[in-house]
Amino acid sequence: QVQLVESGGGLVQPGGSLRLSCAASGSVFRVNNMGWYRQAPGKERELVARITSGGNTNYADSVKGRFTISRDNAKNTVYLQMSNPKPEDTAVYYCNADIQESVLSTYRQIWGQGTLVTVSS
């Protein structure tokens with residue numbers, strides 16, 4: 001069974017930095033798009049950043065210039081480098097990936113369990 005395991009969340013001060021990681025484990029044949037979403041209390045889940053298998057990226061306007069998404073295809077891992085975070089970035093961050101488990105299967109969208117990021121002094 002495929003799963004996404006996130007790590008790196010926690011408390012960070014405004015203006016600091018934090019890096020989130022998310023690794024796909026289990027039966028993974030191929031990984032297509034990967035991304036990070038977040039959900040703040042009382043708000044809907046929103047896209048933070050996405051990256052294709054070829055390395056093309058797109059970001060939410062609110063994080064452009066501050067957050068950087070990257071991936072290591074050999075490790076089936078996606079990262080989110082958070083620089084100059086703000087209190088409004090406080091949320092549960094979820095990893096997302098389109099994964100093909102075998103050569104005979106179709107892509108399936110998988111979600112991580114979420115990791116809490118709190119930006120506060």
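All values below were derived from every heavy atom in this structure, side-chain atoms included, with hydrogens, water molecules and symmetry-related copies excluded. One is the number of the first residue; the rest follow in order along the sequence. Here the structure is a predicted model, which means the values were calculated and not measured.
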* Report the residues that fulfil side chain to side chain contact (heavy atoms under 4.5 Å, CB included) with Gln3, sequence neighbours left out, ordered by chain and then residue number. =>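 If we apply the side chain to side chain contact (heavy atoms under 4.5 Å, CB included) test to Gln3, skipping adjacent residues, the hits are Val5, Ser25.
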* Asked: Please, which pairs that meet disulfide bond (SG atoms under 2.5 Å apart) have at least one residue in residues 28-67, sequence neighbours excluded?
  ->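 Output for this query is empty, none listed.
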* Asked: Applying disulfide bond (SG atoms under 2.5 Å apart), which residue pairs with at least one partner in residues 35-83 are found, sequence neighbours left out?
  ->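 Found none.
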Under 3.5 Å, side-chain donor or acceptor atoms of residues 59-71 against the rest of the protein: list the pairs with distances, not counting sequence neighbours.
{"unit_1": "Tyr59", "atom_1": "OH", "unit_2": "Ile69", "atom_2": "N", "d": "2.9"}
{"unit_1": "Asp61", "atom_1": "OD1", "unit_2": "Lys64", "atom_2": "NZ", "d": "3.1"}
{"unit_1": "Ser62", "atom_1": "OG", "unit_2": "Arg38", "atom_2": "NH2", "d": "3.4"}
{"unit_1": "Arg66", "atom_1": "NH1", "unit_2": "Asn84", "atom_2": "O", "d": "2.9"}
{"unit_1": "Arg66", "atom_1": "NH1", "unit_2": "Asp89", "atom_2": "OD2", "d": "2.8"}
{"unit_1": "Arg66", "atom_1": "NH2", "unit_2": "Ser62", "atom_2": "O", "d": "2.8"}
{"unit_1": "Arg66", "atom_1": "NH2", "unit_2": "Asp89", "atom_2": "OD1", "d": "3.1"}
{"unit_1": "Arg66", "atom_1": "NH2", "unit_2": "Asp89", "atom_2": "OD2", "d": "3.3"}
{"unit_1": "Arg71", "atom_1": "NE", "unit_2": "Asn73", "atom_2": "OD1", "d": "2.6"}
{"unit_1": "Arg71", "atom_1": "NH1", "unit_2": "Asn32", "atom_2": "O", "d": "2.8"}
{"unit_1": "Arg71", "atom_1": "NH1", "unit_2": "Ile51", "atom_2": "O", "d": "3.3"}
{"unit_1": "Arg71", "atom_1": "NH1", "unit_2": "Thr52", "atom_2": "O", "d": "3.0"}
{"unit_1": "Arg71", "atom_1": "NH2", "unit_2": "Val31", "atom_2": "O", "d": "3.4"}
{"unit_1": "Arg71", "atom_1": "NH2", "unit_2": "Asn32", "atom_2": "O", "d": "3.1"}
{"unit_1": "Arg71", "atom_1": "NH2", "unit_2": "Asn73", "atom_2": "OD1", "d": "3.2"}

Using residues 103-116 as the side-chain source, report each donor-acceptor pair under 3.5 Å to any protein atom, sequence neighbours left out, with the distance given to one decimal.
{"unit_1": "Ser105", "atom_1": "OG", "unit_2": "Glu101", "atom_2": "N", "d": "3.2"}
{"unit_1": "Ser105", "atom_1": "OG", "unit_2": "Ser102", "atom_2": "N", "d": "2.9"}
{"unit_1": "Ser105", "atom_1": "OG", "unit_2": "Ser102", "atom_2": "O", "d": "3.0"}
{"unit_1": "Arg108", "atom_1": "NE", "unit_2": "Glu101", "atom_2": "OE2", "d": "2.9"}
{"unit_1": "Arg108", "atom_1": "NH2", "unit_2": "Glu101", "atom_2": "OE2", "d": "2.7"}
{"unit_1": "Thr115", "atom_1": "OG1", "unit_2": "Gly9", "atom_2": "N", "d": "3.4"}

* Asked: What's the shortest heavy-atom distance between Gly16 and Pro85, and which atoms?
  ->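 For Gly16 versus Pro85, the nearest heavy atoms are O-CD, 2.9 Å.
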* To do: Flag yes if more than 12 heavy atoms outside Gln1 fall under 6.0 Å of its CD atom; otherwise flag no.
  =>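 No.
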* When clusters are formed from ILVMFWY side-chain contacts under 4.5 Å, directly or step by step, what else is grouped with Leu11? ->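 Leu11 clusters with nothing; isolated.
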Find out whether [X] and [Y] are in side-chain contact, i.e. whether some heavy atom of one side chain is under 4.5 Å from a heavy atom of the other.
X	Y	answer
Leu4	Ile99	yes
Tyr94	Cys22	no
Ser17	Gln81	yes
Arg19	Leu80	no

* Could you tell me whether a side-chain N or O of Glu6 sits under 3.5 Å from a main-chain N or O of Cys95, the two making a donor and an acceptor? =>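 Checking the backbone N and O of Cys95 against the side chain of Glu6, a donor-acceptor pair under 3.5 Å is found.
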* **Main-chain N/O of Thr118 paired with Ser120 side-chain donor or acceptor, under 3.5 Å** =>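 Here the side-chain-to-backbone pair does not exist.
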* To do: Consider only side-chain heavy atoms of I, L, V, M, F, W and Y, link residues closer than 4.5 Å, and tell whether Leu20 and Tyr79 are in one cluster.
  =>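 No, because Leu20 and Tyr79 fall into different hydrophobic clusters, even though each may have its own neighbours under 4.5 Å.
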* Asked: If Ile, Leu, Val, Met, Phe, Trp and Tyr residues are connected whenever their side-chain heavy atoms lie under 4.5 Å apart, and connections chain through other members, are Tyr37 and Met34 in the same group?
  ->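 No.
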